[in-house]
Protein chains: 2
Amino acid sequence: MSDRHSALTSPPANDRKGATSSRGATREQVDAAIRSGLLTGRFIPGKAVTIRGLATDLGVSPMPVREVLQRLAAENALEVKSNGRVQVPDMTPDRFDEVLKARLLLEPELAERSLEKLSKRDVKMLTTIDDEIDQCIISGDAEAYMRLNHAFHFHVYRASGSKVLLPLIDSLWLQFAPFMRTVYGRVGTAILVDQHKEAIRAIEQRDRDALRDAIVGDITDGMGLIGKEILETT
Amino acid sequence: MSDRHSALTSPPANDRKGATSSRGATREQVDAAIRSGLLTGRFIPGKAVTIRGLATDLGVSPMPVREVLQRLAAENALEVKSNGRVQVPDMTPDRFDEVLKARLLLEPELAERSLEKLSKRDVKMLTTIDDEIDQCIISGDAEAYMRLNHAFHFHVYRASGSKVLLPLIDSLWLQFAPFMRTVYGRVGTAILVDQHKEAIRAIEQRDRDALRDAIVGDITDGMGLIGKEILETT
DNA sequence: CGTGTCATTTTGTGATCACAAAATTCACCA
DNA sequence: TGGTGAATTTTGTGATCACAAAATGACACG
């Protein structure tokens with residue numbers, strides 16, 4: 001067994017300390033790897049995640065993995081079952097509905113707060129990201145789409161400088177992302193509608209309400225309609 | 001040094017295995033202890049929290065403490081500095097304002113969703129808690145007040161059965177509780193106004209808007225006015 | 001009296017180990 | 001052939017260790 005579940009980008013045991021080797025560097029690397037894996041849907045909901053498995057995949061000892069798994073469990077991105085087993089939580093209709101409503105509650109709010117902080121440079125960056133998103137939708141690259149969609153939203157939200165709402169939204173994304181990946185895998189990316197252009201226009205025009213509407217539209221279009229899939233497929 | 005910082009209820013190395021010894025029991029015990037300590041203000045903001053210190057306080061090995069600290073750091077209840085040191089985050093005006101607004105955004109919403117699930121038995125329980133709260137305000141027992149106030153709010157919120165919003169609110173409480181404790185220590189508990197009675201009445205009458213208003217009032221009264229202390233004392 | 005330096009202690013981190021519980025495999029029998 | 005039991009492997013957990021970085025304190029010097 002040379003290759004494991006291969007949910008991670010598994011650099012072949014490359015232990016180059018050339019990068020930053022400050023305090024807790026290994027843990028941060030593991031954290032970033034697993035987080036990225038969750039956000040791009042490389043982990044399948046319901047599938048068990050083992051400490052030793054991830055450790056060998058990432059070429060580190062089980063120790064930092066244990067801590068990271070606890071962190072992600074605290075953010076409800078992972079679920080620790082009663083037997084200690086860790087897995088990506090299964091999505092239920094109730095949970096899906098709750099995450100959707102929570103997103104609609106928090107994200108337009110934070111986007112509006114970001115509005116005044118967003119510069120022309122940010123608009124340029126967002127436009128670049130959005131262009132790449134268009135290509136991903138056409139080419140059907142779901143993983144890249146998810147990564148870029150996350151980048152787009154959080155580029156906006158991060159501008160707010162929020163230290164409270166932003167982590168909450170982060171938690172929400174970690175919760176629905178793995179499930180959405182399975183949805184895209186089933187229905188494809190063709191059904192995706194790009195609502196980002198209206199958001200960009202709203203930012204350019206400094207229109208608070210229009211930005212809120214664009215975010216709301218993006219969330220409902222991205223999750224709302226295709227999310228109903230779980231009600232029939234299960 | 002026999003006694004440490006004594007931020008915990010330090011049972012004298014009582015290793016009673018008599019209780020539940022299921023998987024991860026030690027970690028849960030440590031988690032509950034530290035969480036409770038944060039919510040009742042037994043940890044001072046800005047003060048460093050050491051792994052070995054807590055471990056010896058709780059009579060366990062550093063290992064479960066490490067994991068719990070990571071968990072709480074993920075919830076922004078603790079802060080890991082660049083040198084790896086863990087401390088209770090210092091409150092800043094910006095952060096305080098953000099937490100306050102986030103509470104006003106989430107808690108009335110979840111309270112409203114709880115409304116239909118709350119039974120007469122719950123009203124009875126809430127009334128009992130509120131009576132004890134009154135006594136704490138009179139006697140000036142800030143720690144008991146905080147514990148009961150938390151119990152009151154979360155008894156309402158838990159009824160909603162929420163698995164998404166509830167953890168987010170949990171995170172918010174962990175963030176502001178330690179700071180509020182220092183506020184109460186400075187201005188006393190006499191200034192506290194009890195808004196819970198209106199909440200109870202709203203629940204009895206199944207009045208959604210009244211419940212929202214009561215929760216909003218409780219949050220603003222409890223945090224809003226006295227929170228302005230930090231703007232002058234700093 | 002203040003200040004910089006050096007030795008000591010404390011602390012976090014990653015690794016490894018031992019153990020128990022759980023899951024898995026597999027042989028054996030009805 | 002199908003299921004049931006034990007044997008084996010896997011896995012999480014708590015503890016301990018070694019190491020480096022950081023904090024602390026002592027002490028000498030200006």
With under 30° as parallel and over 60° as perpendicular, where do the rings of H150(B) and F154(B) fit, or are they tilted in between?
-> parallel
Pairwise 5' ranking along DNA chain D for R85(A) and G24(B), keeping only the more 5' one = R85(A)
Using whole Å, what does the distance between atom [atom2] of nucleotide [N] and atom [atom1] of [X] come to?
{"X": "L69(B)", "N": "dT11(C)", "atom1": "CG", "atom2": "C1'", "value": "12 Å"}
{"X": "R23(A)", "N": "dA22(D)", "atom1": "CZ", "atom2": "P", "value": "7 Å"}
{"X": "L54(B)", "N": "dG14(D)", "atom1": "CG", "atom2": "P", "value": "15 Å"}
{"X": "D31(A)", "N": "dG14(C)", "atom1": "CG", "atom2": "P", "value": "12 Å"}
{"X": "R52(A)", "N": "dA15(C)", "atom1": "CZ", "atom2": "C1'", "value": "13 Å"}
{"X": "I51(B)", "N": "dA22(D)", "atom1": "CD1", "atom2": "P", "value": "16 Å"}
{"X": "Q70(B)", "N": "dG14(D)", "atom1": "CD", "atom2": "P", "value": "15 Å"}
{"X": "D57(A)", "N": "dT11(D)", "atom1": "CG", "atom2": "P", "value": "11 Å"}

Close side-chain approach of L166(A) and S160(A), heavy atoms under 4.5 Å = no
Would you call E143(A) and R42(A) a salt bridge, using N to O less than 4.0 angstrom?
-> yes
Is there a side-chain polar atom (N or O) of [X] under 4.0 Å from OP1 or OP2 of [N]?
{"X": "S61(A)", "N": "dG14(C)", "value": "no"}
{"X": "N83(A)", "N": "dA23(C)", "value": "yes"}
{"X": "R27(A)", "N": "dT13(C)", "value": "yes"}

For Q87(A) against D90(A), the heavy-atom pair lying closest together | NE2-OD2, 4.2 Å
Least distance between heavy atoms, Y184(A) atom then A142(A) atom = CB-CB, 4.1 Å
Would you say the base of dG14(C) and the side-chain of R66(B) have a donor-acceptor pair closer than 3.5 Å?
-> yes
5' priority, DNA chain C, between V49(B) and M63(B) [closest heavy atom] | V49(B)
